[in-house]
Amino acid sequence: MKPHTSSDWIARSLRSVWHPCTQMQHHEEVPLIAVSHGKGPWLYDHEGRRYLDAISSWWVNLFGHANPRINAALKDQLDKLEHAMLAGFTHEPVVELSEQLAALTGHALGHAFYASDGASAVEIAMKMSFHSWRNAGRTDKQEFVCLQGSYHGETIGALSVTDVALFKDAYGPLLRASHVVPSPDERNARDGESAQDVARRAIEDVRTLFEARAERIAAIIVEPLVQCATGMAMYDPLYLELLRELCDQYQVHLIADEIAVGCGRTGTFFACEQAAIWPDFLCLSKGISGGYLPLSLVLTSDAVYQSFYSQDITRGFLHSHSYTGNPLACRAALATLQIFKDDDVLVRNRELATRLTVALAPLAEHDRARHFRRRGMIFAFDAVEPDPSRAASFARRFFTTATENELLLRPIGRTVYLMPPYILDDEEIAGLAERTQRVFESVIAT
Ligand SMILES: *Cc1c(COP(=O)(O)O)cnc(C)c1O
């Protein structure tokens with residue numbers, strides 16, 4: 001029998017697989033890509049065409065596909081323990097990982113609760129916050145606050161603190177209302193305002209809300225430094241510093257959703273470090289397993305942990321997922337953390353990011369690009385497309401043209417962003433910048 005080609009897999013996929021975040025009918029025009037294998041920053045299809053994975057496969061892959069060190073750790077773990085339930089049992093990978101993450105927070109957040117995907121981590125942080133207040137007799141604290149343009153996942157609870165109309169509007173009747181406060185997005189700067197001024201202005205709206213309603217508010221949830229899914233909205237660390245003060249003053253929990261921005265993405269291991277604060281709950285997922293296996297977790301403080309500690313079962317946190325603390329996923333995470341140490345990744349990323357910024361300079365200065373911006377290993381700019389119909393189709397046209405140029409890039413609206421794995425060599429940096437520019441110029445010209 002003839003080996004399968006990409007077109008075989010594509011036809012079969014379209015019959016049987018319902019793809020995420022996709023209007024399936026669009027695939028009548030836009031082809032799927034059938035990936036046969038990956039190596040380093042490259043994905044390959046069945047005909048050997050390759051694609052530079054400039055968005056780390058939805059922001060999860062940190063050290064390349066088929067990374068030899070993570071592969072070796074997983075193969076070793078596979079012969080020891082693939083999975084065991086975490087209620088009543090424990091195992092080496094989950095203990096090691098929890099200890100290492102606690103140490104990375106300087107033991108400010110020394111208790112780790114596990115799940116499998118980002119949205120579940122957000123649900124856990126919300127439930128824990130509410131329940132912790134309830135255990136303290138503060139049963140009125142039931143409300144949540146999120147930022148304009150926030151994204152925290154798409155399960156019912158996480159969607160209720162998400163402010164992206166495209167994902168949220170259809171499900172409005174199912175969702176509990178949240179308070180939405182203005183984003184400190186530095187692009188909102190008025191004439192003469194600095195990013196810090198925008199942060200201070202945005203904080204005043206939080207203060208007004210807290211003054212009026214803090215007795216009913218359990219927590220405010222933020223994406224520290226970069227609101228990714230709304231289009232890489234970046235803001236000054238001062239916002240987090242001032243928010244931490246307000247949360248202490250008004251007794252509101254702070255939930256830091258570092259699912260996208262954690263694991264070195266913004267230049268420090270946790271984005272919160274740049275504001276020198278710790279939240280009450282820190283959610284991690286995406287990069288933590290190196291992009292290998294579904295894994296998420298919530299780190300929390302001793303104070304929160306102690307508020308559940310009791311003889312009384314109903315005061316406990318009775319939340320569970322079947323694959324909680326899966327040993328293979330934890331082992332992939334441990335291998336990932338080991339690479340951070342062995343390769344001095346945070347330091348090397350600074351050089352890598354500088355080189356990529358230099359290579360992207362022609363795009364930053366392009367007269368059809370606005371607001372070129374960067375935090376750590378996130379690069380973004382907004383395309384100027386004055387014609388509304390072309391603006392509406394910009395992201396799809398860009399994605400298709402990119403794939404024809406060996407590039408995997410999926411703009412968000414008119415925001416083109418790069419979130420590459422941390423392993424690009426000089427040739428790949430140059431190639432990534434050159435391809436991005438070529439694709440951009442072709443898309444705005446046609
Ligand atoms: C991706 C993401 C989530 C949701 O994670 P899933 O694993 O897709 O459920 C939540 N918050 C942020 C900031 C994210 O980027």
Side-chain angles (χ1 to χ4, degrees), residues 18-22 55-62 113-129 144-164 166-168 171 175 178 180 183-185 219-235 239-240 254-266 270-272 279 281-299 319 321-324 326 329 332-333 336 375-378 380 410-413 415 417-420:
W18 197 336
H19 292 267
C21 203
T22 300
I55 57 169
S56 300
S57 283
W58 260 354
W59 321 345
V60 301
N61 187 291
L62 303 187
F113 194 98
Y114 288 85
S116 316
D117 56 74
S120 298
V122 169
E123 303 270 342
I124 287 164
M126 292 172 72
K127 282 177 69 179
M128 252 186 201
S129 169
F144 292 91
V145 185
C146 63
L147 270 52
Q148 234 165 41
S150 59
Y151 179 91
H152 298 290
E154 295 169 52
T155 53
I156 302 279
L159 201 53
S160 76
V161 287
T162 287
D163 183 47
V164 177
L166 183 65
F167 302 137
K168 184 168 188 173
Y171 308 102
L175 306 175
S178 297
V180 182
S183 163
D185 183 346
I220 179 166
I221 182 166
V222 297
E223 297 155 86
L225 300 187
V226 189
Q227 295 181 283
C228 295
T230 192
M232 305 299 156
M234 300 184 181
Y235 62 88
Y239 183 80
L240 298 172
L254 176 57
I255 303 173
D257 175 351
E258 295 224 8
I259 290 166
V261 296
C263 302
R265 189 48 81 177
T266 65
F270 298 110
C272 281
F281 303 92
L282 191 151
C283 306
L284 274 190
S285 187
K286 291 205 162 102
I288 187 61
S289 73
Y292 267 68
L293 286 159
L295 178 69
S296 68
L297 56 103
V298 178
L299 298 173
H319 184 102
H321 295 284
S322 311
Y323 282 98
T324 298
N326 174 259
T336 300
R375 279 293 178 292
M377 288 288 282
I378 306 175
R410 265 174 74 113
I412 299 168
T415 299
Y417 72 91
L418 309 182
M419 237 207 231

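Worth knowing before you read on, the calculation uses all heavy atoms, side chains too, and leaves out hydrogens, waters and symmetry mates. Every number for a ligand or one of its atoms is a count from 1 in the order of the listing. For reference, positions follow the sequence shown, starting with 1.
Within the structure, the side-chain hydrogen bond (donor to acceptor under 3.5 Å, both in side chains) test picks out the following pairs touching residues 285-295 (sequence neighbours left out): N71-Y292.
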May I have the N/O to N/O pairs between ligand 1 and the protein that fall below 3.5 Å, each with atom names and distance to one decimal?
| residue | atom | partner | partner atom | Å |
| --- | --- | --- | --- | --- |
| ligand 1 | 7 (O) | G118 | N | 2.7 |
| ligand 1 | 9 (O) | G118 | N | 3.4 |
| ligand 1 | 9 (O) | A119 | N | 2.8 |
| ligand 1 | 11 (N) | D257 | OD1 | 3.4 |
| ligand 1 | 11 (N) | D257 | OD2 | 2.6 |
| ligand 1 | 15 (O) | K286 | NZ | 2.6 |

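Although no hydrogens or angles enter the test, the distance criterion places a donor-acceptor pair under 3.5 Å between the side chain of T162 and the main chain of H152. Listed for the D163 side chain is a donor-acceptor partner under 3.5 Å among the backbone atoms of G149. Using a distance-only test at 3.5 Å, with no hydrogens or angles considered, a donor-acceptor pair links the side chain of S296 to the main chain of D117.
With sequence neighbours excluded, the residues forming a side chain to side chain contact (heavy atoms under 4.5 Å, CB included) with A329 are L293, L295, N326, listed by chain and number. The ring pair (Phe, Tyr, Trp, His ring centres under 6.0 Å) search around F270 returns W278, not counting sequence neighbours.
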